[in-house]
There are 2 protein chains.
Amino acid sequence: MPIIMTNNEITNGKCLGELSFVGLGLSLSHISIEGIKKLKSSDFIFLEGYTSFYFPEINAAMKVIGIKSDRFKIISRRDIEEKSGQEIIDLLLKGKNISMAVIGDPFIATTHLSLKNYAKEKGCKVNYIPGINIFSYAMSATGLFNYKFGPSATIVYKREGILSVYPYLVLSGNLSRGLHTFFFLDIDAERGPLNASEAIKLLIEMEKEERLGIITPETKIVVLERLGWPDEKIYYGKISLLYNMRFNPPNSIIIPGKLHFMEEQSLEAFSIERNER
Amino acid sequence: MPIIMTNNEITNGKCLGELSFVGLGLSLSHISIEGIKKLKSSDFIFLEGYTSFYFPEINAAMKVIGIKSDRFKIISRRDIEEKSGQEIIDLLLKGKNISMAVIGDPFIATTHLSLKNYAKEKGCKVNYIPGINIFSYAMSATGLFNYKFGPSATIVYKREGILSVYPYLVLSGNLSRGLHTFFFLDIDAERGPLNASEAIKLLIEMEKEERLGIITPETKIVVLERLGWPDEKIYYGKISLLYNMRFNPPNSIIIPGKLHFMEEQSLEAFSIERNER
């Protein structure tokens with residue numbers, strides 16, 4: 001009689017494995033000594049490459065860190081949401097130490113929370129190794145004050161012709177309190193990353209729909225290009241000047257609220273008007 | 001005739017030095033490979049130890065990284081605001097490569113922005129090397145969603161008997177929009193770090209003054225203890241249960257707004273009621 005052991009039988013119902021969520025930061029220079037140590041000591045590494053971008057290409061990064069290609073696997077959103085979530089849990093129940101390596105910080109996006117909570121429920125040990133994330137990097141790189149940011153939002157592509165005005169409503173709430181707004185830009189599996197100029201055009205469309213008068217040609221905006229990468233650039237200027245530019249992906253956007261004079265001074269350094277002279 | 005060269009004469013009016021703001025993160029395990037590289041290649045390092053705490057003690061950390069004590073100096077807030085700002089600029093004008101090493105991220109607090117802008121004005125090259133900061137670490141460690149945080153605030157000690165109700169007003173604005181509020185806690189040169197339980201008592205006093213009904217014995221609160229350190233702990237519960245506890249410094253606090261069920265699930269793991277059973 002063949003004996004098929006279930007995972008629970010193997011480990012006697014206890015999860016002996018360890019799941020570490022490792023933040024890689026935005027580029028290889030950001031990885032922490034703890035992150036490298038954890039990746040090196042893991043039995044297997046799952047890498048997600050669908051919520052953000054990384055410099056250099058993520059295979060190359062693993063090579064630099066010294067991790068052989070048979071010890072990691074790049075997974076898609078579908079893998080994690082429909083399949084690999086289970087693959088990961090299975091390995092954990094077998095007592096393996098698994099790393100889930102994530103671009104930026106593992107939990108700044110909500111994608112990995114359900115896996116974390118699920119693993120915890122199963123009794124597996126869960127570790128969090130933080131990484132530099134785009135949101136706080138953007139605050140620091142622009143010189144805008146952390147405590148003056150309201151909630152952020154994601155500007156998304158139209159889907160089936162439908163425009164989501166949610167980011168506009170978040171912006172409106174923030175501006176009425178004098179707060180800055182950080183916008184993540186959509187990444188679509190087929191259409192790729194949303195360019196900042198396309199995102200600005202979507203904001204203009206939202207204005208036409210909601211008519212609160214907060215997006216005008218005079219509205220000043222900060223475009224963040226390849227933040228945290230060796231060739232990062234920051235642009236500050238009126239929408240009328242920025243909306244026709246083409247930026248190298250990935251991009252994000254900040255619409256500042258009321259500026260402190262020190263914030264103004266910091267942004268001036270990125271002024272496209274000043275730099276064009 | 002003795003010749004006294006001014007800095008401008010030495011460098012012909014140009015700043016040839018480089019000022020790097022290096023984020024150390026919250027503990028030694030957070031430092032990035034870029035951060036270590038930059039510290040090691042600097043002519044001199046200034047370390048600030050007054051806006052936050054670090055694990056282990058910062059002298060020990062430099063030793064671990066491999067930086068000899070004659071290559072760095074720990075400076076006070078007064079040094080930077082009244083004196084060493086100039087000391088740093090002088091070294092830069094002499095063409096030195098200087099690092100300003102900061103606990104957490106260099107620009108999440110506003111303290112170092114004026115030095116950065118001043119060095120830029122003088123024409124010095126300025127670099128930013130990001131570090132893990134308490135604000136985004138707290139979001140990730142608690143499982144609360146990044147995009148649901150409103151602006152943060154600092155709860156400060158009473159000074160000359162005067163209570164600052166500013167944090168309470170920020171909280172009120174956030175709660176009315178369903179948003180979470182992160183509170184930094186004051187560090188006083190004489191009184192040391194503000195304990196979370198003292199901070200809760202100050203919030204209760206603010207409630208007595210402003211009477212908006214947002215702080216009650218039933219208000220649920222998250223206390224963050226030694227976040228990012230090997231012995232970090234997170235507590236979640238009613239104010240009536242938490243305000244008499246004594247926490248190991250450093251602490252910070254989150255008052256959640258409207259919770260998503262996945263956020264609730266994450267916070268449940270830190271419930272003091274559940275863990276007392």
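The figures that follow rest on heavy atoms only: side chains count, while hydrogens, waters and symmetry mates do not. Here is how names work: the chains are called A, B, and so on, in the same order as the sequence lines, proteins then strands, and each is numbered from 1.
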What distance separates E264(B) CD from N117(A) CG, expressed to the nearest 0.5 Å?
12.0 Å
For S114(B), is it the side chain, the backbone, both, or neither that has a heavy atom closer than 4.5 Å to a heavy atom of chain A?
both
Cut-off 4.5 Å, heavy atoms of chain A, and the answer for F149(B) is backbone
Check whether M262(B) gets within reach of chain A through its side chain, its backbone, both or neither, counting any heavy atom under 4.5 Å.
both
Close aromatic pair by centroid cut-off 6.0 Å: F145(B) and F107(A):
no
Counting only non-hydrogen atoms closer than 4.5 Å, does I36(A) touch chain B with its backbone (N, CA, C, O), its side chain (CB onward), both, or neither?
side chain
Chain B contact via L113(A) - which portion, at a heavy-atom distance below 4.5 Å:
both
Where do I132(A) and G131(B) come nearest, in terms of heavy atoms and distance?
CD1-C, 3.4 Å
Measuring centre to centre across the rings, with the benzene-like ring taken for any Trp, is Y147(B) within less than 6.0 Å of F184(A)?
no
If every non-hydrogen atom of G150(A) is compared with every non-hydrogen atom of P151(B), which pair is closest and at what distance?
CA-CD, 4.1 Å
Is there a side chain to side chain donor-acceptor pair (under 3.5 Å) between N146(A) and S152(B) once you walk through the steps?
CA-CA 8 Å; N146(A) 165 283; S152(B) 50; 3.1 Å; yes
Interface residue of largest heavy-atom contact number with chain A, from G35(B), S32(B), S140(B), under 4.5 Å:
S140(B)
Please classify the contact of E263(B) with chain A as side chain, backbone, both or neither, using a heavy-atom distance under 4.5 Å.
neither
Heavy atoms of R177(B) and V170(A) approach each other most closely as NH2-O, 3.6 Å
Please find the pair of heavy atoms, one from I33(A) and one from L28(B), that lie closest to each other, and give the distance.
CD1-O, 3.4 Å
Top residue by heavy-atom pair count (under 4.5 Å) with chain A, among H30(B), K120(B), K37(B)?
H30(B)
